[in-house]
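Have a look at the structure below before the remarks.
Nothing fancy with the numbering, it's 1 onward along the sequence.
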Amino acid sequence: MPALLTSHPLFAAPVLLLIDLLLWRLVGPAHPHWRLATRILCFLLFSLLLFNAGMNPLRAAPWPDDLPSHMVATAVQIFWWLFAARCLTVVLGFLLVQRIGHGGRLLQDVVGALIFLVAIIAAAGYVLELPVKGLLATSGVVAIVLGLALQSTLSDVFSGIVLNTTKPYQLDDWISIDGIEGKVTEIDWRSTYLQTSQGTLAVVPNSLAAKAKVLNLSRPANLYGVSVSLTVSPHIRPRKVVEALEHALGGCRALLATPAPAVSVRKSAPDGVEYEMSGFVAAMGEKREVRNQLFDLAYRHLQAAGINLLAEADAPMRESASRARALLVRSGLFDALRDEERDELAKRMQRRPFKRGEVLLAPRDVSERLLIIDSGVVSVTLPHDSQTIEAGRMGPGEVFGEAGVLTGSAWQAEFTAISDGAAYYIDKETLAPCMEARQEIAEAMGRLLDFRQKASAALLVEQPTVVQQRGLMAWLKQHAGRRYKA
């Protein structure tokens, strides 16, 4: 050890403490390994300095005849115990982060508090030579009184420790605690903070979260359930309703293929049968949009199957209209027609069923008729780099073939049925008088064609290539292969 340190240990010890604090600040949290190494090194130098100068932390300070030196040595020895406690908490914190991540911060704080409590008692017993047994007995009585007074708070604290160690949920997870659903934003000593979908902040005590039924919506990752319930008249055959709702699920492209979406009957009552459509999406933010889309698709496919969610008193009025005319009303392109014109056009429409996998309109084919889907689901795909991209899915009431009817040109998309169904065909010659008499129809078809062309162009824009991250083993295998070839 340098002579300067050994000659003036009472001055060198505080200097080492200041150097430790300075290095701790300079290294920063971005380099935890270096911070840990510098702290342990400073503690070892500090301990070596004390023992070399005869200041044993397990005994009272030396030089009782020299009061100033004795007081400084006593303070230095007490700081040794606190320094040791701090080093131990840093090591435990580093190991906890490596083991359970930053979610174990609460456990680290509690263990650190216990370590510092032991260090203070040890310093009082060894350095100050205080009667520790009496102090512990007195502190025990005080602890019992405080424990009874702070029973609920201590329950939250220890429940928080359990939650951090067992980790039923972590930060940024979407969970549901006793019906309160939200995103975990913070877990502190007492509570768990949830950011709900309504933008509010819910504070749930840790003791309640530890006892309650917790649903973690973020596990497994990238898999979030979506369900929609509908009530239909009990007089309709369930198989017919299930088939229509399965078509509605097939029309929602955002649902994951695995696990497969499904339809089930939840309960039956004299006033109606409740059906549930369920599936999974890849992101929590998609749930609201997909749920709304499923309601719309279910309504359209049930309507196409002759099933509606209206009162029975309204059913005869709707059933009196022909399917073709009702389809013209739902499509929206023919709103400008008068009732008699719509009736005349409906008489000339031809209904043709199609099977699953059938190509209704191939790429670069010029369609001579407008097709309106009556039932079933149709997939729209675009060619891209010797592959195909699904641009969307169409259901009852949607039309295609407008490019050939309006401009006499072809479109690069392919329209393929992904379920059994039917479509109504309107020939170009039949549409021509309606478009001449009602310019609004041609304008609506033009806007639809323009929207689809722009959407297709945006979808086919070349995406940047994602560089796949490679691990250490892949790097070693690559370099080992190069050396072997060499």
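Rounded to the nearest 0.5 angstrom, Leu448 CG and Gln453 CD are separated by 10.0 Å. For the atom pair Glu440 CD and Leu337 CG, the distance stands at 9.0 Å (nearest 0.5 Å). For the atom pair OH (Tyr275) and OG (Ser264), the distance works out to 10.5 Å, reported to the nearest 0.5 Å. Put simply, OG1 on Thr381 and CZ on Phe415 are 9.0 Å apart, with the number rounded to the nearest 0.5 Å. Atom CD1 of residue Ile372 and atom CE of residue Met394 lie 10.0 Å apart, to the nearest 0.5 angstrom. For the atom pair CG of Leu370 and CE of Met349, the computed distance is 8.5 Å after rounding to the nearest 0.5 Å.
In this structure, Gln195 contributes its side chain and Gly199 its backbone to a donor-acceptor pair below 3.5 Å. Judged by distance alone, with hydrogens and angles left aside, the side-chain atoms of Arg348 form no donor-acceptor pair with the main-chain N or O of Ile426 at under 3.5 Å. Thr258 places no side-chain N or O within 3.5 Å of a backbone atom of Ala260 that could act as its donor or acceptor partner. Judged by distance alone, with hydrogens and angles left aside, the side-chain atoms of Lys240 form a donor-acceptor pair with the main-chain N or O of Ala305 at under 3.5 Å. With Ser278 contributing its side chain and Ser227 its backbone, the two residues share no donor-acceptor pair below 3.5 Å. Here the side chain of Arg35 pairs a donor or acceptor atom with the backbone of Trp24 at under 3.5 angstrom. Between the Asp374 side chain and the Ala304 main chain, no donor and acceptor come within less than 3.5 Å of each other. In terms of modelled atom types and a separation under 3.5 Å, the side chain of Asp173 and the main chain of Gln170 share a donor-acceptor contact. Remark: the backbone N or O of Lys355 is not paired with any side-chain donor or acceptor of Asp420 at under 3.5 angstrom.
Side-chain contact between Ile175 and Leu215 is absent, with no heavy atoms from C-beta onward closer than 4.5 Å. Two residues are said to be in side-chain contact when any heavy atoms from C-beta on lie closer than 4.5 Å; Ile40 and Val90 fail this criterion. Looking only at side-chain heavy atoms (C-beta outward), Leu255 and Leu249 come within less than 4.5 Å of each other. Side-chain contact between Val226 and Phe280: absent, with no pair of heavy atoms (C-beta onward) separated by less than 4.5 Å. The closest side-chain heavy-atom distance from His301 to Ser375 is not below 4.5 Å. Inter-residue side-chain proximity for Glu402 and Leu333 is flagged as unmet; no heavy-atom pair is nearer than 4.5 Å. Looking only at side-chain heavy atoms (C-beta outward), Arg438 and Phe334 stay at 4.5 Å or farther from each other. Between Lys287 and Val281, some side-chain heavy-atom pair lies under the 4.5 Å cut-off.
For CZ of Arg253, the number of neighbouring non-hydrogen atoms (other residues, nucleotides, ligands) closer than 6.0 Å is greater than 12. Heavy atoms from other residues, nucleotides or ligands lying under 6.0 Å from CZ of Arg351 number more than 12. Around atom NZ of Lys183, no more than 12 heavy atoms belonging to other residues, nucleotides or ligands sit under 6.0 Å away.
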**OP:** List the steps, then state whether side chain to side chain donor-acceptor pair (under 3.5 Å) holds for Ser218 with Tyr169.
**Re:** CA-CA 9 Å; Ser218 298; Tyr169 53 82; over 6 Å; no
Subject >> CA sep, side-chain torsions, deciding dist, call: Arg393, Ile418, side chain to side chain contact (heavy atoms under 4.5 Å, CB included) >> reply: CA-CA 9 Å; Arg393 295 183 182 182; Ile418 59 175; 3.9 Å; yes
**OP:** Go through Asn206 and Ser191 one step at a time and tell me if the side chain to side chain donor-acceptor pair (under 3.5 Å) criterion holds.
**Re:** CA-CA 5 Å; Asn206 289 331; Ser191 307; 5.9 Å; no
**OP:** Dump the intermediate steps for side chain to side chain contact (heavy atoms under 4.5 Å, CB included) on Tyr193 and Val204, then the final yes or no.
**Re:** CA-CA 6 Å; Tyr193 296 83; Val204 182; over 6 Å; no
**OP:** Walk me through it: do Glu243 and Arg239 pass the test side chain to side chain contact (heavy atoms under 4.5 Å, CB included)?
**Re:** CA-CA 6 Å; Glu243 288 179 353; Arg239 182 175 181 179; 3.5 Å; yes
Original post:
So Arg86 and Phe116, side chain to side chain contact (heavy atoms under 4.5 Å, CB included) or not? Walk me through it.
Top reply: CA-CA 8 Å; Arg86 181 55 181 160; Phe116 270 95; 4.0 Å; yes
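A salt bridge links Arg325 to Asp343: at least one charged side-chain nitrogen sits closer than 4.0 Å to a carboxylate oxygen. The existence of a salt bridge linking Glu341 and Arg338 is confirmed by a sub-4.0 Å separation between a basic side-chain nitrogen and an acidic carboxylate oxygen. Salt-bridge formation is detected for the pair Asp296/Arg300: a Lys NZ or Arg NE/NH1/NH2 atom is positioned less than 4.0 Å from an Asp or Glu carboxylate oxygen. Using a cutoff of 4.0 Å between basic side-chain nitrogens and carboxylate oxygens, Arg342 and Asp339 are scored as salt-bridged.
A pairwise comparison of heavy atoms in Ser419 and Val377 identifies OG-N, 2.9 Å as the closest pair. When all heavy atoms of Ile180 and Ala202 are compared, the closest pair comes out as CG2-CB, 3.8 Å. In plain terms, the two heavy atoms of Glu181 and Thr196 that are nearest each other are O-CG2, 3.5 Å. Closest non-hydrogen pair, Met445 versus Leu406, comes out as C-CD2, 3.9 Å. Gly395 and Ile373 get closest at one heavy-atom pair: O-CB, 3.5 Å. The two residues Gly272 and Thr231 make their nearest non-hydrogen contact at CA-CG2, 3.9 Å.
Cation-pi geometry between Arg364 and Trp411 is not met: the NZ or CZ atom fails to fall both under 6.0 Å from the ring centre and inside 45° of the normal. Stacking of Arg39 on the aromatic ring of Trp34 is not recorded, the 6.0 Å distance cut-off and the 45° axial limit not both being met. Cation-pi check for Arg352 over Tyr425 is met; the charged atom lies under 6.0 angstrom from the ring centroid and within 45 degrees of its normal.
Side-chain atoms of Glu414 and Thr416 include a donor-acceptor pair closer than 3.5 Å. In this structure, a donor-acceptor pair under 3.5 Å is present between the side chains of Glu390 and Ser379.
Tested against Val184 for a side chain to side chain contact (heavy atoms under 4.5 Å, CB included), the candidates Leu194, Asn216, Asp172 yield a single pass: Leu194.
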